[in-house]
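Throughout, numbering of the chain's residues begins at 1 and tracks the sequence.
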Amino acid sequence: MSFDRMIVVGDKLEEFAGRPGVATVSALARILETDRNPPREVLVGQGVSDSWMQLLERLARSRGLETEFIGADTLAQRASQQTSHKVKRENVLITDPVVVAEDRFASSLIVDDGCELMGDHQTGHHIQGMILIEAARQMFLAVIERFLRQGRKTYVVINKMDTSFSRFAFPLGIEITFDLKERIKETEERCGYDAEISFHQDGECLTTVRAVFTAFDKEILAPKERAMADKSVEAALEIAPAEAALRAEVA
């Protein structure tokens with residue numbers, strides 16, 4: 001069956017793709033290569049990597065097709081590794097946030113099939129909840145880096161995260177909103193933030209994450225963290241011989 005308009009998702013979302021009008025990237029590649037009536041419009045869903053997107057566009061061009069890939073430009077808006085605090089590009093789950101009002105910022109979810117949280121088997125038709133939680137974390141890091149403490153080397157400590165899930169998030173377009181509720185104990189070297197990050201699809205709220213976190217100047221917190229780590233190691237080394245001696249006595 002041919003469709004003028006189709007949705008494409010990553011191969012790891014094959015359960016969602018098992019319905020008319022939806023295809024995985026592998027299936028769409030075969031359609032673009034051989035189908036006599038390929039779709040004229042392809043809506044790019046979640047799980048589509050940069051490399052797959054480039055391949056699909058190249059296949060369409062090679063046959064002279066006028067297929068339009070709706071949403072493909074969103075992939076190029078993926079936030080940088082620096083602002084999201086990730087090393088690998090495929091692990092970045094959000095687009096660069098933008099200002100939409102005072103203390104309100106917006107972004108889009110952008111899941112790559114190759115990201116760390118998609119590495120194991122994906123169950124069901126929906127996006128796993130842990131992906132949304134990680135996207136919320138990346139969202140507040142990116143807002144801090146780009147807007148709240150722009151230009152400063154920042155170390156962020158999470159004090160509290162409360163998550164509420166209202167409905168399933170399906171692998172289509174998902175918008176993210178960051179609302180800054182309060183600045184807490186703001187000084188030259190640090191500032192605490194109380195924020196709400198919410199995920200929306202089809203006009204409905206899917207998930208809400210309420211987060212309280214503190215941003216420090218990196219040169220202030222890094223030595224303190226190192227000292228605490230040293231103490232933990234020292235404590236573990238002191239306890240280990242005592243446990244070994246106790247086991248010997250019991251034996």
Q: Would you sort out whether Gln77 and Asp96 count as a side chain to side chain contact (heavy atoms under 4.5 Å, CB included), showing the intermediate values?
A: CA-CA 6 Å; Gln77 299 167 18; Asp96 267 325; 5.9 Å; no
**Q.** side chain to side chain contact (heavy atoms under 4.5 Å, CB included) assessment of Lys224 paired with Arg226
**A.** CA-CA 5 Å; Lys224 294 180 180 179; Arg226 186 163 49 248; over 6 Å; no
Q) Are Ile70 and Ile7 joined in one hydrophobic group, where the rule is that I, L, V, M, F, W and Y side chains link up if heavy atoms are under 4.5 Å apart? A) yes
Q. Out of curiosity, Leu59 CG to Gln54 CD, how far, rounded to the nearest 0.5 Å?
A. 12.0 Å
Q.
I'd like to check Leu56 versus Met53 (side-chain heavy atoms, cut-off strictly below 4.5 Å). Are they in contact?
A. yes
Q: Answer yes or no: does atom CZ of Phe168 have more than 12 heavy-atom neighbours from other residues, nucleotides or ligands under 6.0 Å?
A: no
Q | Heavy-atom check, side chain of Val42 versus side chain of Leu28, under 4.5 Å | A | yes
Q | Criterion side chain to side chain contact (heavy atoms under 4.5 Å, CB included) on Cys115 and Leu93, from CA distance to verdict | A | CA-CA 8 Å; Cys115 85; Leu93 295 171; 4.1 Å; yes
Q. With no hydrogens and no angle check, is any side-chain donor or acceptor of His125 less than 3.5 Å from a backbone partner on Glu15?
A. yes
Q. Shortest non-hydrogen contact from Asn91 to Lys86?
A. CB-CE, 3.8 Å
Q.
Which residue in the set Lys181, Arg210, Lys160, Arg183 passes side chain to side chain donor-acceptor pair (under 3.5 Å) when paired with Asp194?
A. Arg210
Q) Is the backbone N or O of Asp113 less than 3.5 Å from a side-chain atom of Lys12, with the two atoms forming a donor-acceptor pair by type? A) yes
Q) Between atom CE of Met139 and atom CD1 of Ile94, what is the distance when rounded to the nearest 0.5 Å? A) 6.0 Å
Q: Check the side chains of Ser198 and Thr208 for a donor-acceptor pair under 3.5 angstrom, ignoring hydrogens and angles.
A: no
(Q) Just verifying a value: how many Å separate Arg78 CZ and Ser107 OG, rounded to the nearest 0.5 Å? (A) 11.0 Å
Q | Connected via hydrophobic side-chain network under 4.5 Å: Tyr193 and Val212 | A | no
Q. Should the ring pair Phe178 and Phe105 be called parallel, tilted or perpendicular, given that the plane angle runs from 0 to 90° and is split at 30 and 60?
A. perpendicular
(Q) Is there a path of hydrophobic side-chain contacts, each under 4.5 Å between heavy atoms, that joins Ile158 and Met228? (A) no
Q: Measure the spacing between CZ of Phe147 and CG of Asp103 and express it to the nearest 0.5 Å.
A: 12.0 Å
Q: May I have the step-by-step check of side chain to side chain contact (heavy atoms under 4.5 Å, CB included) for Val111 and Ile131, ending in yes or no?
A: CA-CA 8 Å; Val111 180; Ile131 290 178; 3.9 Å; yes
Q) So, are Asp35 and Arg63 salt-bridged, with charged N and O less than 4.0 Å apart? A) no
Q. So does Tyr155 have more than 12 non-hydrogen atoms from other groups sitting under 6.0 Å from OH?
A. no
Q: Taking Gln46 for its side chain and Leu109 for its backbone only, find out whether a donor-acceptor pair lies under 3.5 Å.
A: yes
Q: Would you please name every residue forming a side chain to side chain contact (heavy atoms under 4.5 Å, CB included) with Ser26, sequence neighbours left out?
A: Asp11, Thr24, Arg30, Trp52
**Q.** Atom of Val8, atom of Val48 and distance for their closest heavy-atom approach
**A.** O-CG2, 3.8 Å
Q. If you group Ile, Leu, Val, Met, Phe, Trp and Tyr by side-chain heavy-atom gaps below 4.5 Å, do Met130 and Phe16 land in one group?
A. yes
Q: Taking all non-hydrogen atoms of both residues into account, name the closest pair between Leu206 and Arg167 and its distance.
A: CD2-NE, 3.2 Å
Q) Nearest 0.5 Å, what's the CD-OG distance between Glu90 and Ser51? A) 9.5 Å
Q | Candidate list Arg137, Gln138, Glu145, test side chain to side chain donor-acceptor pair (under 3.5 Å), partner His85, passing option | A | Glu145
Q | Distance-minimising heavy-atom pair for Gln201 and Ile174 | A | NE2-CG1, 3.3 Å
Q: Specify the closest pair of heavy atoms between Ser108 and Ile176, including all atoms of both residues, with the distance to one decimal.
A: C-CD1, 3.9 Å
(Q) Taking CZ in Arg40 as the centre, count heavy atoms belonging to other residues, nucleotides or ligands within less than 6.0 Å. Is the count above 12? (A) no
Q.
If the condition is side chain to side chain contact (heavy atoms under 4.5 Å, CB included), which residues does Thr154 pass it with, not counting sequence neighbours?
A. Ile144, Arg149, Arg152, Val156, Ala215
Q.
Is the distance from the ring center of Phe140 to that of Phe213 below 6.0 Å?
A. yes
(Q) If the condition is side chain to side chain contact (heavy atoms under 4.5 Å, CB included), which residues does Ala136 pass it with, not counting sequence neighbours? (A) Ile197, Phe199, Val209
Q. In terms of hydrophobic clustering (I, L, V, M, F, W, Y; side-chain heavy atoms under 4.5 Å; direct or indirect links), are Leu141 and Met161 co-clustered?
A. yes
**Q.** Backbone N/O of Phe165 and side chain of Thr207: donor-acceptor pair under 3.5 Å
**A.** no
Q) Between Asp112 and Met118, which heavy-atom pair has the shortest distance, and what is it? A) O-CG, 3.9 Å
Q: Report yes if the side chains of Leu32 and Leu65 come closer than 4.5 Å at any heavy-atom pair, otherwise no.
A: yes
Q: Give, for atom CG of Asp50 and atom CG of Leu55, the distance between the pair rounded to the nearest 0.5 Å.
A: 12.5 Å
